[in-house]
Amino acid sequence: MLNNFLMFYAPFIVLIGSLVLAFVVAPKDDAVRRQIDEEE
Amino acid sequence: MSLEIIGITVLWTFLFGYILIGAIDFGAGFFNAYSLLTGKKHILTNIIQRYLSPVWEVTNVFLVFFFVGIIGFFPKTAFYYGTTLLVPVSIGIILLAIRGSYYAFETYGSRGHKGYSFMYGLSGLLLPASLSIVLTISEGGFVEMVDGNPVLDYWLLFTSPLTWSIVVLSIAATLYISAVFLTWYANKARYFEAANLLRKYALIWALPTIITAGGIIFELRRHNPEHYANIQNFWPMFLISFIMFIGTVWLLWIRRNYGLAFILLAGQFIFAFFGYGASHYPYLLYPYLTIYDSFTNPAMAISLIVVFIMGLGLLIPSLYLLMRLFLFDKDYVRGKSKHHA
Amino acid sequence: MGNEEAVFFSRVLTETTLSFHIIYATIGVGVPLMIMIAQWVGIKKNDEHYILLARRWARGFIITVAVGVVTGTAIGLQLSLLWPNFMELAGNVIALPLFMETFAFFFEAIFLGIYLYTWDRFENQKKHLLLLIPVAIGASFSAVFITMVNAFMNAPRGFDIVNGELININPLVAMFNPAMPTKVAHVVVTAYMTAAFVLAAIAAFRLLKGSNHEYHKKALYLTMKIGLIFAIATAVIGDFSGKYLAEYQPEKLAAAEWHFETEGNAPLIMYGVLDDGEVKYAIKIPYALSILAHSIPSAEVIGLDQFPEDEIPPLYIHYLFDIMVTIGVWMVLLAAVFWIGTKRRWKMVTTRWFRWLIVLGGPLSIIAIEAGWWLAEVGRQPWVLRKIMRTQDAATTSGHVDTMLVLFCLLYLILGIGSVVILRRMFRKNPVEQEIEDRNMEKGGDML
């Protein structure tokens, strides 16, 4: 049961999950803005 | 209508699409290179680039669609044509690769680079010639079965007048189609100098096109009497095609209504191409392969047709959008907007 | 030329074409997503740098797409030219996703043309971004459909062969074969990962070569973050692939892991060399193979002893597995350190040597992709269609494959060098500083 889930459904869940996460994380650029400011 | 007929009609239509827009595309590349060579760059390059830029990738898809579709609908063609066409189609692929990539290199990488322009102009002209060999082979007589495997007789193929007439026709027709289309397009864009030059090219290439086309039918009488006899049955289609050809040349000659001239040209090729295709029926490869004995199973055929219909539902609106934004947008055609990435 | 030779050269030519095409194909699948993310962030944060990033990536993307399209056409035709017997069977059973792929490609091609020529044509940037969605979807679904065909070669389903006749054909069952989910997800997610790391490498390289513009820093941070997410997803899906293999293609897993005897509590062998059937210098991770295969440390994993000699893939695929996994893990670590380091203000992540490591990560990711595909393809041998058709029976009988091989090698050389030269020239001639300045001038002009 679990194995079937991991083989057939989980791959797509992980794929779509990572896509969503990429869009969530992408705009968070405070760290690099601070880095840029500090260097100036 | 049987599934076999639906399948081959769809594929033949897409092949026609490739031949028509491919010819415009390849001819345009050649005229562009030729204008660089003869110092007429300033007249032609602009208008040619404007047409080609957004559509070149789409052209290629028509070809991919055709060969993927034929494997799907008629899997046995993979065995017969796959084995025999290794050399001619490989050469075609190489030309196509050079044509496609060097076009992109020149257009997006280094505008006006002469070497790249010649590369894609020339390879684009040779490409129809090399792909047209497939049509020649389909007439039969060049493939023999040895130990159950089809083998192509290169000597016979390359010494046959039929081969060379088809090669000449493919090149002449490419330049003719392209010149007629671009005459209309340049005229629409109000590049009158370019339109005049292209009109001249169109008139020059009209004659070789019609002579070789007629010559091929004549040669078939000797090469493939069965096909020749079949062609006779479809004479009205070829007659209509010829009348349309006269119409195009007439309109170009009196410099009137280039749009209608192009429509007549498309009609000319539609009638000739489908007349030829219908007379070829039922053979895919004389005398070994017909559309019936090579056809796929009904389950696959029906699912391919369903996917095809759904796919068209997606494609037709998208193609419409593409045409509206570029081909038929006044500002774009006249070069008033610069929105390239 | 004997048929053995034809088989050999057909294999070499297919491998050459695929190895070359996969570089451009991977970039072609991954980069549209990156462009989309960058443009979206740019619109959302009203930051010109991200929008310019999207625009410059799009410009470079055209060149790679062109080469990807023509080499993709090449492999599409070569399948029929070199493997006519295989394609005859495949045409009957798995033609559906191949056909769908042309539609995905069509869709992508049309909207890419539109997207490229409509920069700044719309008042509202969001409308322009919308045009990119079909491009990204088309690109990803091309990969999905074509990988379905490859999955089918590993786990053929949806038909029966009775007396040499194909019967009971079900195209949908063939498409949704057991290998499909793990394979499709793995291929798509690694394409995203590789695209992100290749773009990160470019940004890091510009920073190393004198430019200190914030544009590159934003690009680097964005791509490394995205790369990290997809690299982790890759590893997770890779683990699922192990479970699939253990159940459906145990010989492939066993050969890749040098797992000779069927046993429980199986350790995972990393690295090492094979000396007369003896594994030397390897690192053995206890229970790891059992966990990879069945999620249970004590589970029994089928070894190579269960298979006849002539159905075992070449054992060198273990090295390919090592390369793929090592690079994958390395990239996760590198990207994680960079991300945490940037947040925590570690000096290390802005040093020259660290940036060189990021530059190196670009080519490394591509090597991982290559190793992964070689592992997938060689690991299926001796079958072209597992348990149905052997590779040697699928090849052409034509006698000119060797000549074609030479011609195609020349072609790929020309295309490879050409695309690199063009890409360099494109960005050299128009550095980002210049472009930002030009754009500001234009804007200033508008205001007057």
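So you know, we letter chains A, B, ... as the sequences are listed, proteins then strands, and number each from 1.
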| Measuring heavy-atom distances to chain B, does C/Leu411 have an atom under 4.5 Å in its side chain, in its backbone, in both, or in neither? | side chain
| Does the side chain of B/Tyr116 pick up a donor-acceptor pair with the side chain of B/Thr107 at under 3.5 Å? | no
| field | Per-residue contact mode, C/Met87 against chain B (heavy atom under 4.5 angstrom) | value | both
| Interchain contact, B/Phe14 with chain C, by part (heavy-atom threshold 4.5 Å) | side chain
| For B/Phe67, is it the side chain, the backbone, both, or neither that has a heavy atom closer than 4.5 Å to a heavy atom of chain C? | side chain
| query | Using non-hydrogen atoms only, which part of B/Leu319 is less than 4.5 Å away from chain C: side chain, backbone, both, or neither? | reply | both
| said: Is the ring pair B/Tyr154/B/Phe158 parallel, tilted or perpendicular, if the boundaries are 30 and 60 degrees? | reply: parallel
| said: Heavy-atom pairs under 4.5 Å with chain C - which of B/Val64, B/Ile94, B/Val151, B/Ile91 has more of them than the others? | reply: B/Ile94
| message | I need the minimum non-hydrogen distance between B/Val307 and C/Met100, along with the two atoms involved. | response | CG2-CE, 3.6 Å
| request: With a 4.5 Å cut-off on heavy-atom pairs, point out which of C/Leu77, C/Val69, C/Leu98 contacts chain B the most. | output: C/Leu77
| task | Verify the neighbour count for atom CZ of B/Phe16: are there more than 12 heavy atoms of other residues, nucleotides or ligands below 6.0 Å? | result | yes
| query | Any idea how B/Tyr103 and B/Tyr120 line up, ring-wise: parallel (<30°), tilted (30 to 60°), or perpendicular (>60°)? | reply | perpendicular
| request: Specify which of B/Ala104, B/Ala301, B/Ser303, B/Pro298 makes the most heavy-atom pairs with chain C at under 4.5 Å. | output: B/Ser303
| Toward chain B, the part of C/Phe86 with a non-hydrogen atom under 4.5 Å | neither
| message | If we define contacts as heavy-atom pairs under 4.5 Å, which of B/Pro75, B/Ser90, B/Pro150 has the most with chain C? | response | B/Pro75
| message | Please report whether the ring centroid of C/Phe103 lies less than 6.0 Å from that of C/Phe99. | response | yes
| message | At a 4.5 Å cut-off on heavy atoms, which part of C/Ile414 comes close to chain B: side chain, backbone, both, or neither? | response | both
| said: Need one label for C/Thr403: side chain, backbone, both or neither, based on atoms under 4.5 Å from any heavy atom in chain B. | reply: neither
| Out of B/Val68, B/Asn297, B/Asn149, which one racks up the most heavy-atom pairs below 4.5 Å with chain C? | B/Asn297
| Of all of C/Ala66, C/Ala174, C/Ala104, C/Ala54, which one pairs up most often with chain B through heavy atoms under 4.5 Å apart? | C/Ala66
| query | Is there a donor in the side chain of B/Ser294 and an acceptor in the side chain of B/Tyr80, or the other way round, less than 3.5 Å apart? | reply | no
| said: Determine whether a donor-acceptor pair (N or O, by modelled atom type, separation under 3.5 Å) exists between the side chain of C/Asn92 and the backbone of C/Glu88. | reply: yes
| field | Atom group of B/Phe74 that falls short of 4.5 Å from chain C, counting heavy atoms | value | neither
| said: Please report whether the ring centroid of B/Phe105 lies less than 6.0 Å from that of B/Tyr102. | reply: yes
| said: I'd like to know if the side chain of B/Asn60 pairs up with that of C/Thr73 as donor and acceptor (distance under 3.5 Å, no hydrogens or angles considered). | reply: yes
